[in-house]
Amino acid sequence: MDQAIADVRARAVVVPLARPLRTASGEIPAAPLVLIDVLVEDEVAGSAYLFAYSPVTLKALVALIGDLAPLLRGKTIAPAARFAEFERSFRLLGKQGLLGMALSGIDMALWDALGRGLDRPVCQILGGTSAALPAYDSYGVVDPVADRARLEASLRQGFKAIKIKIGNGDLANDIAAVSGVRKIIGPAVRLMVDYNQSLIAPEAVRRLRHLAEFDLHWVEEPVAAEDHIGHAQVRRESGVAVQTGENWWFASDMAKAIASGACDFAMPDLMKIGGVTGWLRAMGIAEAAAMPVSSHLFVEASAHVLAVTPTAHWLEYLDVAGKILRQPAVVEDGMVRPRGPGLGMEWDETAVARYLI
């Protein structure tokens with residue numbers, strides 16, 4: 001596309017979650033999001049959002065994206081070229097943290113703009129199709145008694161896999177949660193657990209040896225994300241496959257983790273792996289390692305990149321932005337289909353105004 005970028009705009013919202021997300025580290029009752037719009041002339045050409053984790057980061061992310069905007073004004077909507085320019089600009093500083101999130105979000109918005117301009121879904125621009133993808137329903141910490149109705153509703157939606165978070169108590173608490181959920185969903189539905197980095201390797205091995213009888217599809221981040229040695233130990237000694245990757249910063253982090261034997265499955269996060277452009281690099285590394293790849297958050301955009309990932313595994317269904325979209329992601333028989341044009345997102349400006357910070 002030869003359209004010139006006029007500006008990049010960022011706004012912050014805090015959006016209530018249909019299911020407040022409890023983890024071993026605390027509770028997230030609402031989603032702090034940064035909405036990014038790429039403007040051509042006076043019109044929105046492409047959009048994306050960031051999940052800021054904490055409202056504390058919202059002001060800094062909005063300001064940072066505003067400071068990056070002059071580096072884009074007057075340039076064409078060419079995501080790979082803009083990504084390469086950012087890499088050169090920030091090579092000495094590095095791209096981790098808030099800067100990495102901002103660059104990834106801008107990249108996603110540029111891909112959305114490219115797709116909208118061509119009136120095609122991003123997955124088709126990348127050479128794929130809009131075929132439906134298998135998704136798992138992603139929960140926080142659950143109480144099998146109090147949350148039984150919600151889990152049964154997930155089964156009625158056709159989900160063939162459920163993920164729950166554990167580690168908010170002792171081993172007995174983990175066993176109660178996992179065994180209770182397994183009884184509700186039955187033996188045919190995949191069950192994943194996520195410790196959210198709350199353990200050290202020996203304790204993770206000890207707990208997982210007790211939980212393995214419940215046929216766990218994977219354990220996610222049982223130890224600190226950067227602890228590749230610990231993850232490798234859990235893989236060797238626990239009897240449960242290890243999933244990690246949501247905290248990898250760009251494809252180089254992924255390559256290091258795979259080389260160290262840290263995981264059986266990979267789960268890049270679009271906001272940390274480098275947006276769509278970074279994902280394309282990461283999926284090549286995964287293919288070379290025969291590594292199954294699942295997504296983390298960003299259900300709308302993740303559907304597009306998983307659609308062209310050679311070793312695509314599961315799409316995580318965790319709807320954090322649906323309340324501010326005109327058409328939230330749709331689950332059909334446990335599947336999610338990428339939509340267009342672009343990434344298939346359009347803000348509901350009335351809702352945005354309601355939750356604006």
Side-chain angles (χ1 to χ4, degrees), residues 50-51 79-108 110-111 122 126-128 192 194-197 201 204 218-238 240-298 301-302 304-316:
L50 301 175
F51 181 72
R82 304 290 79 82
F83 191 89
E85 289 170 356
F86 279 139
E87 284 190 307
R88 289 193 295 270
S89 297
F90 298 108
R91 187 170 302 279
L92 296 181
L93 174 64
K95 306 187 299 293
Q96 296 82 3
L98 299 187
L99 177 61
M101 293 164 64
L103 298 183
S104 297
I106 290 170
D107 180 84
M108 286 188 273
L110 289 174
W111 278 100
V122 166
L126 297 174
M192 304 89 150
D194 184 356
Y195 271 111
N196 282 114
Q197 311 180 59
W218 74 54
V219 57
E220 191 171 323
E221 290 195 333
V223 300
E226 66 274 13
D227 185 3
H228 298 333
I229 294 173
H231 276 103
Q233 180 183 348
V234 175
R235 283 188 68 203
R236 288 193 310 269
E237 300 177 14
S238 71
V240 178
V242 170
Q243 170 73 277
T244 186
E246 68 183 71
N247 287 297
W248 290 335
W249 289 105
F250 299 87
S252 57
D253 263 9
M254 180 182 194
K256 293 171 186 174
I258 292 176
S260 65
C263 55
D264 299 278
F265 304 128
M267 180 182 277
D269 178 294
L270 273 169
M271 184 180 70
K272 296 180 181 179
I273 205 69
V276 174
T277 302
W279 183 288
L280 297 178
R281 297 179 180 182
M283 78 183 194
I285 295 171
E287 182 183 19
M291 177 74 66
V293 173
S294 298
S295 64
H296 181 254
L297 298 179
F298 309 102
S302 291
H304 289 269
V305 292
L306 272 180
V308 296
T309 299
T311 57
H313 195 196
W314 290 98
L315 175 79
E316 180 179 38

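We number each residue from 1, following the sequence as shown.
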Closest non-hydrogen atoms of Ser295 and Leu315, given as atom of the first, atom of the second and distance, are OG-CD1, 3.3 Å
Excluding sequence neighbours, so at least two apart, what forms salt bridge (charged side-chain N to carboxylate O under 4.0 Å, His left out) with Glu220?
Lys163
Over all atoms of both residues, closest heavy-atom pair of Val223 and Gly230
CG2-C, 4.0 Å
Set of ring pair (Phe, Tyr, Trp, His ring centres under 6.0 Å) partners for Tyr195, sequence neighbours left out:
none
Looking at residues at least two apart in the chain, or sitting in another chain, which of them share a salt bridge (charged side-chain N to carboxylate O under 4.0 Å, His left out) with Glu237?
none
Partner residues of Thr309 under the side-chain hydrogen bond (donor to acceptor under 3.5 Å, both in side chains) criterion, sequence neighbours left out
Trp279
Name all residues meeting the side-chain contact (heavy atoms from CB on, under 4.5 Å) criterion together with Ala224; count only those two or more places apart in sequence or in a different chain, and write none if there are none.
Gln197, Glu226, Asp227
Given side chains that start at C-beta, do those of Leu98 and Met101 come closer than 4.5 Å, heavy atoms only?
yes
Using the side-chain contact (heavy atoms from CB on, under 4.5 Å) definition, which of the options Val305, Thr277, Leu270, Leu103 pairs with Met108?
Leu270
How would you list all residue pairs meeting side-chain hydrogen bond (donor to acceptor under 3.5 Å, both in side chains) that involve residues 267-276, not counting sequence neighbours?
Asn247-Lys272, Asp269-His296
Does Gln243 reach the side chain of Cys263, with side-chain heavy atoms less than 4.5 Å apart?
no
Trp111 and Val276 have their tightest heavy-atom pair at CD1-CB, 3.3 Å
Considering all heavy atoms, the nearest Ala201-Gln233 contact:
CB-OE1, 3.4 Å
In short, side-chain hydrogen bond (donor to acceptor under 3.5 Å, both in side chains) pairs touching residues 252-268 with sequence neighbours left out are Arg235-Asp264
If we ignore hydrogens and angles and just use 3.5 Å, is the side chain of Ser302 paired with the main-chain N or O of Leu297 as donor and acceptor?
yes
Atom OG1 in Thr244, atom CE in Met254: separation rounded to 0.5 Å?
10.5 Å
Could you pull out all donor-acceptor pairs under 3.5 Å where a side-chain atom in residues 280-294 meets a protein atom, sequence neighbours excluded?
{"from": "Arg281", "atom 1": "NH1", "to": "Glu87", "atom 2": "OE1", "distance (Å)": "3.4"}
{"from": "Arg281", "atom 1": "NH1", "to": "Glu87", "atom 2": "OE2", "distance (Å)": "2.8"}
{"from": "Arg281", "atom 1": "NH2", "to": "Glu87", "atom 2": "OE1", "distance (Å)": "3.2"}
{"from": "Ser294", "atom 1": "OG", "to": "Trp314", "atom 2": "N", "distance (Å)": "3.1"}
{"from": "Ser294", "atom 1": "OG", "to": "Trp314", "atom 2": "O", "distance (Å)": "3.3"}

Rounded to the nearest 0.5 angstrom, the CE-CE distance for Met192 and Met267 is 7.5 Å
Nearest 0.5 Å, what's the CZ-CZ distance between Phe83 and Arg88?
12.0 Å
With sequence neighbours excluded, residues passing ring pair (Phe, Tyr, Trp, His ring centres under 6.0 Å) with His313
His217, Trp218, Phe265
Output all residues satisfying salt bridge (charged side-chain N to carboxylate O under 4.0 Å, His left out) with Glu221, sequence neighbours left out; order by chain, then residue number.
none
I'd like to check the side-chain contact (heavy atoms from CB on, under 4.5 Å) partners of Leu93; sequence neighbours left out, ordered by chain and number.
Phe90, Leu99
At what distance, to the nearest 0.5 angstrom, does CD1 of Ile106 lie from CZ of Arg82?
12.0 Å
